[in-house]
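Treat the numbers as computed from the prediction; the structure is a model and nothing was measured.
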Amino acid sequence: MKFSSSLKFNAVSDWWDEYIAYDALKKYIYQLEKQQYGHTSGTDAMFIPLLDRELKKINLFYEQQETELTDDLNELERDVALQDEMGLQGGEHYEDYEEGEVDDDDESISRSPVGRRRSLSRHRKSSSAGQARRPTISVNTADLSPAQRRQSISSMEEMDASYASLRSPVATRGPLGKLTSKFNTLRDSLVSTSSGPDYTIWTAQSDYAYDTRLLYKRRITNLYIAFTNLKSYVEINHAGFRKIIKKYDKVTESELKDRYLHTVVEVAPPFMQAAKDKINDALNRLIELYTKCVTRGDKAMARQQLRLHQRENIAWERDTVWRQMIGRERRGEGAAEDAAGATLVQEAEAAIADIPTPVGKFKITKRRIFKVVALAIFALLLNVQVVKGEEANRCFAILSFCTVLWATEAIPLFVTSMFVPLLLIVLRVIRDADGVRMTPIDATKYVFSVMFSPTIMLLIGGFTISAALSKTNIDRILITRVLSLAGTRPSTVLLTFMGVSCFASMWISNVAAPTLCFTLIRPILRTLPPRAAFGPCLILAIALAANIGGQSSPISSPQNLIALQFMEPKLDWASWFAVSLPVSAVSIFLIWILLLISYKPARSPDGEGDIEIKAIRPTREPFTVKQYWVTFVCLTTIALWCIAHAIEDYIGDMGVIAILPVVAFFSTGVLKKDDFENFMWTIVFIAMGGIALGKGVTSSGLLDVLDDGIRRLNLPGEHQNLLIFITALICSTGMGMPVSGFPNQTAATQEDELGELYLSNVDFLKNGVPASIIATMVVSTLGFLLMNIIGL
């Protein structure tokens, strides 16, 4: 949880304006960064007075609250001593208040003369001292919402149960009750006089004794909660100063944190050890009072009940904040600032037309139209002989049906993938090695056996490496160190970020890589002049480079793994890199030139001179043992993948190697169960559906039909692997629209400080489409040449 959210969550609502203004200071830090980055002495002179002002505000409020609460505690101790002196003799006037009583705890408490005087005193001081406003049994639930009414009733029931331990069975009301009450008071008085200290106002069974204990229980509890709130106030503000100065040092490259905290903050009255000891002493005194007045000498029970009341107060006072924050997190709004662009909030699809029906309006949307088109194509191809062979024709219908659904995203992609095994089995498309159609039972076993193939294990291994690199912060450390060498020239920074985005996409997927890069460029974007072309140029460059990175390694995209699955003989990683790395490097370079020509990112918005880019600072944190372990396992796994073809007699397949990082990271605690659950399982199911469809195309005979058509093109030699390889690489070059993959979607949602989008559809059409053409041409020319060189 971010500290700004933690502050809202833990703050006492009545004291909200008295806490450190964390958000305001954070905004001012970014303003300083934008205006005067690099001049740390000047920023210190402007920022320190703001900290001093916040510290002075906190000091004044703390001293006021500490004084009031200490006075209340002293008064409470005097009242308890006075009550001890009065004993049960004060009950002689108790019956005078019976006649006008109502079933209200506050009225019952006021029946004691001392209770009436002290209760009024407490009400006058509760607001200024920050007392907790606890629910009482007299809450009017008629004015509450159903949820609030349930909570109020539940809270009152808990209080009744807690207070029940203070008294014996409730006396009967009316004349008999008055007589019983007088008898009990007289009995307790006589027993107290004759039997010593065993029967006191804190142990007697009369109504007067009970109400007196109830009064002091409330007073002690409220004061205990107030002191704990004050203790929390000090701790939260100290954490706030530490966090905000750390943020300031990081953004402005200053070293203010240790100096200011040790010489200014920690010598202020609220944060000194003497102040902490004073609060702890007050809490211990209240526990002693509670032990004496309520729990009859049981100190452990007193501590337990006071902590219970404290938790109840937190639940009651901060319920609204709790619900709002949890709601925001569930809607994905809480992480919007932490991962800009990582959460895509999609609006409901607009209806093309509304058709009234007896059960309401039926909305016609594009997705529903695409669903109908897909079903129509599917039904047509099933009933028309397009491909020779019944199984091959049915498989062609399934292939066309799934292709339309995948292309239009009429339903989620992984749901379409789940259609594949269903249709292959129901339509009896699968044949055995002799060309005989399998029974549904045999086809089911076959389809599900091939769906979880070594390719799927390879994909899971890639997810594991990605999660380990991100969780241990290795990706950020390496990337920032590389970017720190880029300098301040816009063109050099642009090319460096493109290279980093492409490289990151190779290993941590083109989903996580652009999100990470967009986080790293925030300091640069904040220091750019308004309307500078470098901002949108840099964002689009990162997205396009991440797409290119999707073709650079076998685990960077699902289509690469599927391509490896269908290559025969299998292609090792070294051969893949021999083709993909030069192709990706040339594509990145040509797209970089395209963006320089299109945006002229170095030009200042006012046309006078060139802009200067804020340099990226490398992290100063040294590598830990865990980070060295993760690096070793990742490098070992990648090395084994590169030589998998040479050692296949020992390991069988690259999927077996993929088990290594899974076992190494999860067994040593680097990754947890939650990390495993957060893997992109939808992509796994998409890949499984693609593998099943590929096996169906092969088994049904459709592949033989398509192969005959390709052979008629008179291509020399066997080029099955070459065609598969080229197809896989070209899949990553489609980046002409905002919806063309996650990198483009993430880039399309990036906003400036005023909430305006950096990129529009025109940016993608003007630069994304030419970039797609350039990358496709590089694959078709340079890629084709390299594939022939390695023998494909």
Expected output: side-chain [X] to main-chain [Y] donor-acceptor under 3.5 Å:
X    : Y    : value
S699 : R431 : yes
N767 : F764 : no
N560 : G550 : yes
S505 : G549 : no

Are a donor atom and an acceptor atom from the side chains of [X] and [Y] found within less than 3.5 Å of each other?
X    : Y    : answer
S772 : T733 : no
N547 : S732 : no
S580 : S552 : no

(message) Just checking K371: does its NZ atom have more than 12 heavy atoms from other residues, nucleotides or ligands closer to it than 6.0 angstrom?
(response)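 Yes, NZ of K371 has more than 12 neighbouring heavy atoms, counting only those of other groups under 6.0 Å.
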(message) Holding to ring pair (Phe, Tyr, Trp, His ring centres under 6.0 Å), I want the full list of residues that pass it with F725, two or more places apart in sequence or in another chain.
(response)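 Testing F725 for ring pair (Phe, Tyr, Trp, His ring centres under 6.0 Å), a comparison that skips the adjacent residues, returns W576.
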For a quick test of your reading: what N or O donor-acceptor pairs under 3.5 Å do the side chains of residues 590-597 make, sequence neighbours left out?
from	atom 1	to	atom 2	distance (Å)
W592	NE1	S491	O	3.2

(request) Looking only at non-hydrogen atoms, find the nearest pair between Y599 and A533 and report the distance. (result)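 Minimum heavy-atom separation between Y599 and A533: O-CB, 3.6 Å.
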Using distance only, find each side-chain donor-acceptor pair of residues 676-691 under 3.5 Å and give its atom names and separation, not counting sequence neighbours.
from	atom 1	to	atom 2	distance (Å)
N678	ND2	D674	O	3.0
W681	NE1	F676	O	3.1

(request) Could you check V778, V583, I726, V579 and say which one makes a side chain to side chain contact (heavy atoms under 4.5 Å, CB included) with F784? (result)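 The passing option is I726.
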(request) Run through V705, N393, V429 and flag the one making a side chain to side chain contact (heavy atoms under 4.5 Å, CB included) with S700. (result)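 The side chain to side chain contact (heavy atoms under 4.5 Å, CB included) with S700 is passed solely by V429 among V705, N393, V429.
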(request) Please determine if E391 and R428 form a salt bridge, counting it only when a charged side-chain N lies under 4.0 Å from a carboxylate O. (result)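 No, this pair does not count.
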